[in-house]
Amino acid sequence: MTLTQPSLTAVESAPSRANAAGRRLRNRLGATGLVALCWIALMIGCAALAPVIAPHDPNAQDLLHVYAAPGGDHLLGTDGTGRDILSRLIWGARTSLVGPALVVLLSLVVGLPLALAAAWRGGWLDAVVGRFLDIVFSLPAILVAVLAVAVFRPGPAPAILALAVAYLPYVARVARSAALRQRAMPYVAALTVQGHGGVAICARHLLPNITPVVGAQIPIAFANALMDLAALSFLGLAVQSPQADWGVLVNDAQAVLQGHSSQVVYAGVLIIATVVALMLIGDRLGGDIRRRRVRRAPQPTGRTP
Amino acid sequence: MKPLLQLDRVSVSIPIDGDPRRVISDVSLDLAPGEALGVVGESGSGKSMTARTVMGLLPSGSSVAGAVRFDGTELYGPENQGRAGRSRTAAARRDIGMVFQDARAHLDPRQRIGDFLVETDRGGAARKAAVETLDRVGIDDAARRMRQYPHEMSGGMLQRVMIASVLLARPRLILADEPTTALDATTQAEVVSLLDELRREDGTALVFITHDLDLAATFCDRVAVIYAGCLQEVRQAELLIRAPLHPYTRGLLASRPATDSRVPRLPVVPGRPLSAFEAPPGCAFAARCAHAVDHCHQTRPALTARQGALVRCDRLAAIEAAPVPEKVNRP
Amino acid sequence: MTAAPVVDVHELRKVYRTGTSGPLGPRRNEFVAVAGATFQVAAGECLGIVGESGSGKSTTARMLAGLERPTAGTISVLGTDRSRPARRAAERHLRGGQLQMVFQDPYTSLDPRQTARDTIDETLRLHTRLSRAERADRVSEIAASVGLDQRQAHALPAGLSGGQRQRVAIARALAADPRVIVLDEAVSALDVSIQAQILNLLADIRDATGVAYLFITHDLAVVRHMADRVLVLKEGHIVEQGPTAKVLDHPEHPYTQRLRESVPARGTP
């Protein structure tokens, strides 16, 4: 019955607030979540610092040293044209992560305003947006991307754009239902009575309040987009060989799977580990929100007429 | 007379955010058969937890110290462990019925009222008893109502159904946890007088939990005022209202406006109500009390018998001498 | 009433239409929430509106605040008509500066991500032309006037108790410097001891600013304490209105009598 009693964590000075944010994140993620976060950080680090840390030019061929064994100058060996596998994996992190990041970013940029507008206006706009999102949600993302590539041309740009459309509902549906919940809160009514406009209320109040819920969805959408883009690249529909990309790397090596399977394994492991780590983080963040909602549910106020 | 329900120095901790937090401290109460006791407190006072402790509805991971006895049977103790112990406790609790604040939340929306009332046995006798009981709790056209769903009935009507379901089990004790708080004033008055009437007819004991001191006093024999998980004053209802002893009881009564007269300004109790785990080691009410002295902040007073009441305050003599302190000097 | 009323409501109606699909095609249901209410509030007056659930008292409040659109009738506050939704931003600001509202549930009527100070400041930004520094001073002044200390003013709602949150909600309303505040069950969710504190605070604010209250409650004792006049609503109809003492002590309408009798009388067990 004292579940909603105030804790004493309310006032924090600026530096301790940053600390507290870190502590909250640790609490939300848990030990496995932290490991997953470290893995993602490592991958992002590799992608960002690829020119610095990659030991070789990823596209430099060395036909004298094809299929070199791991060790020595080439830590993970070389591929069929003598390119350094480690360098290609490191550079591959760039394309493999930037692609899904663009997909998620684009779907956020379009999806959030759409969701907020639908939740705020309600009525026919909400009905139209809701149905549209449902229809898009029912389409397999890969299929949409394959169609787009067929209509335009194979390449990263059409694939990313098509996936961004397909991933719109991932973010927008969650954002819309969260925004509808916030919209019904008396604090939004209070802001309306104050005389604030709809845009201001959406931007300053609804958006920050749906961020935790939407934020939990982002890693999951990212993971799915990564898998889809890797699959498309593997099929030669998105990123094209010889550019380094994990999906491309799997494809490059699949012809010689027997005998020289290491490149497929390396690239595959990176894809799977990154996807699993993202899923884990998303699950932890989402689970935390669910838990908090349950904890806040009972409100032992004295009287409710 | 042997008490029907006995709480002997009961302290309860429940897990909040993973940490065990004290919600009831050192509560001792006796309830005679057929007696109506009001338990009055603000939010976080532990009033609902007291009922939940008796009913065995504490969240998992809770710990109970002290003894809770119903009709001589220990409800929390080493003998209640294991399968045999648990079934014995459950058997003892069969004679206790509970009415909750939100009747709608305690009914399956897809179940007809009749099926809810005669859940176990679909025999004609059980149905007949259910119709009779609905009739008793003032529901017209009971036979038709048996076929209705919860959404077809108003909140007051559903609370009557809940009371009927409790009565059908022929309990010797009814725990009512804010049963009328969610209801309109006129409905509240009807439901409360109904509960009172039925209880008297059957000779059932009642623990009535509420935030409304006036309401509890209108139909309970005794009223216990609870603050921060601690009983502060237990007294015959009429006396408690007319001549409250404990400063908290006085404060509660004074700060509530009246319907038939108006004061220029309400006397207030400063601060906010505390939960048991927030309470300081001394008197739990000391921080909000106008009469508190250093002694109050240091030692928790015992619940002692004074003027036919049980009161937990060491400053009663001083308060009697000067009921309204001029100016409060507190460190 | 000699002075012009600050709130003038004439024949206000609200009808909800709900279409439900029955076995014999769609059924049209009409629910009359408010059936032609006419009343005025004078400057600085406290008008109590009492009624039970479904009486239309909250719908009336929401129509006054512009949160619901009246089906028929007129609402005018300080001579400005507000029977229709505000079209332009200037109109919204004007209305916000005239009438403010405090809601029942202090747990949901504040943005969980905004501190008390930011909440008050946001209103000041909208309704005043004060500089940043001047606003900061005014925020402190308003926070102090509703009894929030420094710690509480910097706290998020989660760090405040129910009573403290309601103080923030009152401060937010005051920041717009309105002439009318609609209090929709504003003290009903509070503990008895906190309720008294907030009632005293509201009385002090009225003394200091001369603001008028529309005090909506189901609690006769609270309305007796606060209101100059009272209006009894039942199923959307005004069944009785007049000075509080007269209506509550000598109720004429049987429904008012029944309401009055339902309140547990002190000391008569």
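Below, chain A is the first sequence line, B the second, and so on; all start at residue 1. No hydrogens, no waters, no symmetry mates; every other heavy atom, side chains included, goes into these values.
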Contacts of type ring-ring contact (aromatic ring centres under 6.0 Å, His included), residue A/Tyr167, not counting sequence neighbours: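 Result, ring-ring contact (aromatic ring centres under 6.0 Å, His included) vs A/Tyr167: A/Tyr170.
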Count the heavy atoms belonging to other residues, nucleotides or ligands that lie under 6.0 Å from CD of C/Glu68, then report whether that count exceeds 12.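 Count over threshold, so yes.
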Tell me whether C/Arg125 at atom CZ has more than 12 heavy atoms from other residues, nucleotides or ligands lying less than 6.0 Å away.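 Yes.
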Distance-only donor-acceptor hits, side chain of residues 123-133 of chain A, under 3.5 Å, sequence neighbours excluded:
from, atom 1, to, atom 2, distance (Å)
A/Asp126, OD1, A/Arg176, NE, 2.5
A/Asp126, OD1, A/Arg176, NH2, 3.4
A/Asp126, OD2, A/Arg176, NH2, 3.2

Could you report the tightest heavy-atom contact between C/Leu126 and A/Gly195, atom names first, then the distance?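 Here C/Leu126 and A/Gly195 meet closest at CD2-C, 3.7 Å.
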What are the two closest heavy atoms between C/Pro112 and A/Tyr187, and how far apart are they?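 So the minimum-distance heavy-atom pair works out to CD-CE2, 4.0 Å.
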Residues of residues 196-203 of chain A with any heavy atom under 4.5 Å of a heavy atom in chain C: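 At a heavy-atom separation under 4.5 Å, chain C is reached by A/His196, A/Gly197.
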Measure C/Glu122 against the heavy atoms of chain A and call it side chain, backbone, both or neither at under 4.5 Å.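 Backbone plus side chain of C/Glu122, per the 4.5 Å heavy-atom cut-off to chain A.
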Quick check for you: among A/Asn209, A/Val188, A/Leu191, A/Thr192, which has the greatest number of heavy-atom pairs under 4.5 Å with chain C?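 Max contact count across the listed options: A/Asn209.
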Please output the side-chain donor-acceptor pairs of residues 101-112 of chain A that fall under 3.5 Å, not counting sequence neighbours, one pair per line with the distance.
from, atom 1, to, atom 2, distance (Å)
A/Ser107, OG, A/Val103, O, 3.1
A/Ser107, OG, A/Val104, O, 2.9

A/Gln194 and C/Arg92, any side-chain heavy atoms less than 4.5 Å apart: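 Answer no - side chains too far apart.
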Would you say A/His205's side chain and C/Arg113's backbone share a donor-acceptor pair under 3.5 angstrom?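 No, the answer is negative, given that no donor and acceptor are paired below the 3.5 Å cut-off.
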